[in-house]
Amino acid sequence: MRRFAALLDALVYTRSRNAKLKLLADYLRETPDPDRGWALAALTDGLDFPAVKSATIRNLMTERVDPVLWALSRDYVGDTAETASLLWPGPDIAEDPPTVSEAVDTLSRMTRANVMMELPRLLDRLDAEERYALLKLATGAMRIGISARLAKTAFALAFDVSVEDVEEHWHGQSAPYAALFGWAAHGAAPPSAEHLPLFRPFMLAHPLEAAEIDLAGYAAEWKWDGIRVQVVHVNGETRVYSRSGDDISGSFPEIAEALHIDAVLDGELLVRGAHQGREEGGAASFNALQQRLGRKTVSKKMLADYPAFVRLYDVLILEGEDLRPLPWSDRRARLEELIARLDPERFDLSAVIPAADFAELAAIRERAREDAIEGVMLKRRDSPYVAGRKTGLWYKWKRDPLLIDCVLMYAQRGSGKRSSFYSDYTFGCWDGDPDSGAELLPVGKAYFGFTDEELKWLDRYVRNHTVNRFGPVRETDKSLVLEVAFDSVHASKRHKSGLAMRFPRIHRIRADKPAHEADRIATLQAMIRD
Amino acid sequence: MARDFAWIRPEPEGIHIAPADCWIDPSIPVAHALVTHGHSDHARGGHGVTVATPETLAIMELRYATSEGARPVLYGETLRLPGDVSATFFPAGHVLGSAQILLEHAGERVVVTGDFKRRPDPTCAPFEVVPCDVLVTEATFALPVFRHPPVEHEIAKLLSTLAANPERCVLVGAYALGKAQRLIAELRRAGHAAPIYLHGAMEAMCRLYARFGIDLGDLRLVSDVKTPELAGQIVIAPPSALNDRWSRRLPDPITAMASGWMRVRQRARQRMVELPLVISDHADWDELTRTITEVNPAETWITHGREDAMMRWCELNQRRARALALVGYEDEDD
């Protein structure tokens, strides 16, 4: 428990992703089984002890501490588990702390009837940091910024295996992941996944940087603006997985119910409409799809108003046959055969763009914005389906960004290497004519797009033009114009300006331009294509 | 019968001793001030006469560049004030020269603790328990979650982080008066003999401590050395310099901060601290409650800090108490 508590605290205080990875990897490599498996599950929200909840801790504490002093303390600290760990009258240094496995074992045997007796016994054997770790582990609310992806990357780093393999073998395993550690740490055979509806890591694309590409070797497809999904059916079960491998079948029951062939399919999840690629495109905007995301239950009205379907890009596994080693053109042929056997209401095929040469493709891409399509994809015709981003195989060639001149309004300090720099910028546009009393309304926030030199310049500018401070945030005198690049802009009720930008970044510093010449809200509104 | 101690009154600007027309730690310039210690929220310049320990007066002279009206008083020495009031200074264990002040008038005894702590500190005289009728206590860390760990534990944490990162330096944020010198002294006590590097704002105070016989070993200024020399070393700076431009010259610093607030994880995170060191020059909850119990006053008056929790504790322990609303006392960085 001591090592786990130290890891947890180090993760709490570490902001850099690389440093977090190293901490976690060192822990996974150096900690014995099954402790490391339980710890991994705890960090990725995989543990649940029905008898131990936040309310249990509160009850336990108010039995021992005056309720007023408890409330004042809890209020100040802001976290029940942490408050309890600090208030518990335990030793400065614990003599005989339990191991993580022992703690997990004891916690899982607790019942509502005995938890008020058993939990104190465990707490008495721990120091303040260990008590915090135990209570966090027990109540399953870590909130320390360890995503599943980060944990998998750390696991790969710890045992020198590829993160794609980790991703593939991780799915379907449960804590303490004995088979996973057996494979990575002890060289055993990887856990078998053949008969389970598991996620397979996606093949991804690099942005196109070359000036030209020979279309004899590459096929072009549209890049649709939905979310990339994988639909898996095996042994009568179907799952819909997102890019990160999250199971989103519950949010899209109509997709999960529509596949009856054993297969692993790769495609874009979209909602029916006439926005992307107009009538023949058949897909609504990303905003429409957003109505459907993140819902645990889906009403009939939702299903009727925003009917979802998957536009297929690729087939990875078909009726037990792993097609991933085959060239793209062979897989494409199999996909074109397969589509006839699928429910046309829920599945269609992402068309290959018929362009004779690169110049023609470039001309077609020019029209992408008018057609509200994100851009085009280029896929090498002989590329196997390999997990992750492999140079030279697939490219994404997005339409050119939109540009607008905004005024810098607020700046916030960054984190990690940038913690001494004001590196997060909130910028705004005028809500009318600035010469007749119009005001700036914030329209977006960006923290990249500039060089290190420009960052130093911006940091100095912010410090010399501060009019107000709110903790880590400075309000500037609103004198600097920034040219902001972004992918698209949408109507949003959540923002005062009524607008939300997608992927805004600082494109250019326009120190030469006076602030009153920056763009107006109306200009942005005219760019909405919802 | 309850007494009202009307001769001593808490005012927003400080504690006023009416018969002597004299103030303790006033936040505005007055004719006659008694000052408990040298931190700027207690010791302000511009008074007619300032009574304090020689150490506190030296600190004030360093800060305000004037010693006009300074009237030194030693620990244990009793001072006759007008209006039949006498004042005696006792060590408070907070920083060099820090004092509690015992005031006696008409057979009544009032002790104003100023800031204090009960733990040993190699850079100042230890707190003494002074029996009295009214105890005016500080309450900076008056919440039961504040229980400072042993200082040796925190120093060991600092030294092991340093040893594990030989190419980096550990940058510790610490108050320029008191905390910085205590940290250095504790590092020396733990056997750390290497040079310790200072931000310019620390230098004069460290020299003052040395003048009063506190040996802090080999101290150097960051501005006098080249960056590579700082790898594997400890650098001490005021908390305000931690994540600011000044620290950019340091070799990939690990940001630490020595403060009682570091007990709470979110406080440390807000300050972007990677290595929180729970080292405080204020009494923690256990020290505060123990002090009230040991002094056992008829009344406890609670000044700056978290009065509500302290008041509640007094109520639960059937002790008469009142919260004073004094302005100008803050200790965000301790």
Side-chain angles (χ1 to χ4, degrees), chain A residues 6 8-16 19-20 22-23 26 61 64-79 81-93 127-129 132-133 136 143-145 413-422 456 459-460 463 471-472, chain B residues 141-154 156-157 160-161 164-165 168 171 241-250 252-257 261-276 278 284-286 289 306-313 315-317:
Chain A
L8 203 57
D9 266 352
L11 289 171
V12 165
Y13 298 122
T14 304
R15 279 158 196 271
S16 131
K20 281 188 183 184
K22 185 174 182 314
L23 285 167
D26 288 348
M61 292 312 293
R64 285 168 173 75
V65 184
D66 170 59
V68 175
L69 289 177
W70 163 259
L72 288 168
S73 300
R74 165 67 184 74
D75 232 38
Y76 180 82
V77 176
D79 179 284
E82 183 171 358
T83 312
S85 76
L86 294 172
L87 272 175
W88 195 261
D92 276 336
I93 289 152
D127 72 17
E129 281 168 13
Y132 173 74
K136 282 290 176 191
R143 296 210 184 89
I144 49 169
R413 284 197 195 209
S415 56
K417 259 199 314 202
R418 285 180 171 182
S419 62
S420 75
F421 291 96
Y422 286 89
K456 276 187 198 156
D459 176 69
R460 209 174 324 119
R463 289 169 192 273
Chain B
F141 288 108
L143 268 183
V145 289
F146 289 113
R147 290 153 71 207
H148 310 325
V151 69
E152 295 79 10
H153 185 263
E154 302 301 288
K157 206 158 78 180
S160 72
T161 303
N165 295 277
R168 305 178 68 182
L171 169 63
L242 280 191
N243 287 305
D244 214 339
R245 281 176 286 186
W246 179 82
S247 63
R248 283 183 204 163
R249 78 183 74 173
L250 304 177
D252 193 12
I254 296 165
T255 309
M257 178 141 156
W261 303 113
M262 294 296 111
R263 180 93 270 199
V264 175
R265 286 173 179 79
Q266 279 312 320
R267 290 291 293 248
R269 275 179 60 80
Q270 279 159 10
R271 309 276 318 223
M272 309 235 190
V273 167
E274 296 161 89
L275 178 68
V278 190
D284 68 6
W285 176 257
D286 293 341
T289 54
R306 265 139 252 291
E307 309 83 50
D308 16 2
M310 200 80 262
M311 288 292 288
R312 177 66 181 173
W313 181 86
E315 186 192 328
L316 291 172
N317 290 273

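Because only heavy atoms are used, hydrogens play no part in the values below, and waters and symmetry mates are left out as well, while side chains stay in. Chain identifiers are assigned alphabetically (A, B, ...) following the order of the sequence lines, protein sequences preceding nucleic acid strands; residue numbering begins at 1 within each chain.
Residues Leu86(A) and Arg263(B) are in side-chain contact: their nearest non-hydrogen atoms beyond the backbone lie under 4.5 Å apart. Taking 4.5 Å as the limit, every side-chain heavy atom of Gln266(B) sits out of range of all side-chain heavy atoms of Asp79(A). Counting heavy atoms from C-beta outward, Leu316(B) and Val68(A) have side chains that stay 4.5 Å or more apart. In this structure, Asp244(B) and Arg463(A) have side chains that are in contact, with non-hydrogen atoms separated by less than 4.5 Å. Side-chain atoms of Tyr76(A) and Arg267(B), non-hydrogen and from C-beta on, do get closer than 4.5 Å to each other.
Listed here is the closest heavy atom pair of Met262(B) and Tyr13(A): O-OH, 4.4 Å. Residues Val145(B) and Ser73(A) come closest through the heavy atom pair CG1-CB, 3.8 Å. Listed here is the closest heavy atom pair of Ala309(B) and Leu69(A): O-CD2, 3.5 Å.
Contact annotation for Arg147(B): only side-chain heavy atoms (C-beta onward) come within less than 4.5 Å of a heavy atom of chain A. Residue contact with chain B, scored on non-hydrogen atoms closer than 4.5 Å, involves the backbone of Trp88(A) exclusively. Looking at Val273(B), the atoms closer than 4.5 Å to chain A (heavy atoms on both sides) all sit in the backbone: N, CA, C or O. The part of Arg248(B) that comes within reach of chain A is its side chain, from C-beta onward, which places non-hydrogen atoms under 4.5 angstrom from that chain. Heavy atoms closer than 4.5 Å to chain A are found nowhere in Trp246(B), neither backbone nor side chain.
To the nearest 0.5 angstrom, Trp285(B) atom CH2 is 9.5 Å from Leu87(A) atom CG.
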Kindly determine whether Asn243(B) and Arg413(A) satisfy side-chain contact (heavy atoms from CB on, under 4.5 Å), including the steps that lead there. CA-CA 9 Å; Asn243(B) 287 305; Arg413(A) 284 197 195 209; 3.4 Å; yes
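Electrostatic pairing of Lys157(B) and Asp9(A) does not count as a salt bridge here, judged by no charged N lying under 4.0 Å from a carboxylate O.
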